[in-house]
Amino acid sequence: MPDQPLDLPLEKTPRHVAIIMDGNGRWAISRGLPRLAGHKAGTENLRRIIRASVEFGVKYLTIYAFSTENWGRPPEEVDGLMHILEDVIDRELAELDKEGVQLRHIGRLERLAPTLQEKVLDAIDATRNNNRLILNVAFNYGGRDEIVQAIQHMMKDGVQPEKVTDEMVSQYMYTAGVPDPDLIIRTSGELRVSNFLIWQAAYSEWYITPTFWPDFNKEEYRHALQVYAQRNRRYGGISNVVANKSNG
Ligand code: FPP
């Protein structure tokens, strides 16, 4: 079937999409496979969704690949996820670079093996001039940890309490300079924030689907963007329709 064009008015395409790629484990178990096979299938899917993001004109994509809480998983699964990150960089970097993807990392690098840290930093450096899509990889990331670090940095910088503003706090986050996510997608039907972008998600729209991440394909992604385009974002105010009616 030929790809259908994404038929959205441009101003309605989310600039920043963030994804909680959940359900890899259940996807694998439901097929009688080990959990890591689910993460591998999830990685294949990620490649498709990155490509679709470029095609759909999404400018920022943030993916939750490993949380600060994921260290509590069995060691072979933690190791497997570390290897996946390494493999993705080894195998995909040239292609991502060719597609104009700029890689960034959010989270703490310091608990990763030194060779992996170096690999991540090199990949960030190699793609720093690309601007078709900014891909933020949340790896060893926790939203509360990010906020704690931001407060620590502000205090170290000697910021006076009365000078602290919403904008300033944003500048101390890993995502400084990146617009807040317009749309957050969570696969596998869980109704939780899971410590993901808790500062930045204040006014994000959510799309939650029962689909497990490895099965969340381009068509459903397109559907999620279309659902988003129908939303009336009010940021705590009232909708234009209501406002116009009450104006007479
Ligand atoms: C959640 O599913 C998924 C993760 C913790 C890992 C996500 C990682 C990938 C999709 C691989 C891509 C990774 C990189 C480094 C680019 P789950 O295991 O919690 O699923 P479950 O809830 O069904 O057990």
Side-chain angles (χ1 to χ4, degrees), residues 17-54 60-97 99 101-109 111-113 115-124 126-127 133-143 174 184-197 208-218 220-221:
V17 176
I19 309 184
I20 303 180
M21 309 180 288
D22 199 8
N24 292 344
R26 278 164 288 163
W27 181 92
I29 302 300
S30 70
R31 284 166 173 72
L33 299 169
R35 290 176 56 81
L36 261 180
H39 295 314
K40 288 196 178 130
T43 309
E44 287 307 307
N45 194 43
L46 178 58
R47 181 200 279 147
R48 294 188 279 269
I49 295 300
I50 293 171
R51 200 157 289 151
S53 299
V54 173
Y60 299 87
L61 178 67
T62 301
I63 50 158
Y64 206 5
F66 192 93
S67 75
T68 45
E69 288 71 39
N70 287 153
W71 293 104
R73 295 193 174 202
E76 59 279 9
E77 186 168 342
V78 171
D79 267 14
L81 286 164
M82 297 291 156
H83 276 114
I84 285 178
L85 177 60
E86 195 167 356
D87 255 33
V88 166
I89 297 174
D90 286 344
R91 286 189 293 121
E92 307 291 340
L93 187 64
E95 184 63 28
L96 290 170
D97 190 30
E99 290 190 21
V101 176
Q102 183 188 135
L103 264 179
R104 294 187 188 171
H105 167 257
I106 62 173
R108 285 183 189 258
L109 271 188
R111 201 168 158 190
L112 275 49
T115 48
L116 184 52
Q117 292 185 32
E118 209 172 301
K119 203 161 264 202
V120 172
L121 292 173
D122 286 350
I124 291 169
T127 59
L133 175 74
I134 311 288
L135 176 64
N136 282 314
V137 180
F139 200 95
N140 195 17
Y141 171 87
Y174 295 125
I184 304 181
I185 296 172
R186 180 165 195 154
T187 55
S188 95
E190 305 292 348
L191 303 176
R192 282 192 290 279
V193 176
S194 295
N195 205 12
F196 186 48
L197 302 177
I208 297 180
T209 171
T211 308
F212 293 147
W213 171 250
D215 292 331
F216 182 83
N217 59 20
K218 185 177 168 186
E220 189 170 359
Y221 188 23

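Fair warning: this is a prediction, and the values are worked out from it, not measured in the lab. What's counted below: heavy atoms across the whole structure, side chains too, no hydrogens, waters or symmetry copies. Numbering of ligands and ligand atoms starts at 1, following listing order.
Contact atoms of ligand 1 toward Asn70: 5 (C) (distance under 4.0 Å to a heavy atom of the residue). Listed by number with element, the atoms of ligand 1 under 4.0 Å from a non-hydrogen atom of Ala65 are 6 (C), 7 (C), 8 (C), 13 (C), 14 (C), 15 (C). Close approach of ligand 1 to Thr43 is summarised as follows: ligand atoms under 4.0 Å from at least one heavy atom of the residue are 11 (C), 12 (C). Annotation for ligand 1: atoms under 4.0 Å from non-hydrogen atoms of Arg35 are 17 (P), 18 (O), 24 (O).
When atom types are taken as modelled, the side chain of Asn136 and the backbone of Ile106 share no donor-acceptor pair closer than 3.5 angstrom. Using modelled atom types, no side-chain atom of Asp79 and backbone atom of Glu76 make a donor-acceptor pair closer than 3.5 Å. One N or O on the side chain of Trp213 and one on the backbone of Gly42 form a donor-acceptor pair closer than 3.5 Å. A donor-acceptor contact shorter than 3.5 Å links the side chain of Arg31 to the backbone of Trp27. Side chain of Ser194 to backbone of Phe196: no donor-acceptor contact under 3.5 angstrom is found. Between the side chain of Asn140 and the backbone N or O of Arg108 there is at least one donor-acceptor pair closer than 3.5 Å. A donor-acceptor pair is defined here as one N or O able to donate and one able to accept, closer than 3.5 Å; no such pair exists between the side chain of Arg104 and the backbone of Ile134.
By heavy-atom distance, the residue among Leu36, Val78, Ile84, Val88 lying nearest atom 13 (C) of ligand 1 is Ile84. Which of Glu77, Arg73, Arg47 comes nearest to atom 18 (O) of ligand 1 through a heavy atom is settled by distance: it is Arg73.
In this structure, atom 16 (C) of ligand 1 lies nearest to the protein heavy atom Leu46 CD2, 3.7 Å. The protein heavy-atom contact nearest to atom 4 (C) of ligand 1 is His39 CE1, 3.8 Å. If you check which protein heavy atom lies closest to atom 3 (C) of ligand 1, you get Met21 O, 3.1 Å.
For the pair Asn24 and ligand 1, the shortest N or O to N or O distance falls below 3.5 Å. Between Gly25 and ligand 1, at least one pair of N/O atoms sits closer than 3.5 Å. Distances between N or O atoms of Arg26 and those of ligand 1 include at least one value under 3.5 Å.
For Ser188, the heavy-atom gap to ligand 1 stays at 4.0 angstrom or more.
For the residue pair Tyr221 and Ala52, the shortest heavy atom distance occurs at CD2-CB, 3.8 Å.
Residue-level proximity to ligand 1 for Phe139 is carried by the side chain, the only part with a heavy atom below 4.0 angstrom.
Screening Trp71, Phe66, Tyr174, Tyr64 for a ring pair (Phe, Tyr, Trp, His ring centres under 6.0 Å) with Phe139, the sole residue that qualifies is Phe66.
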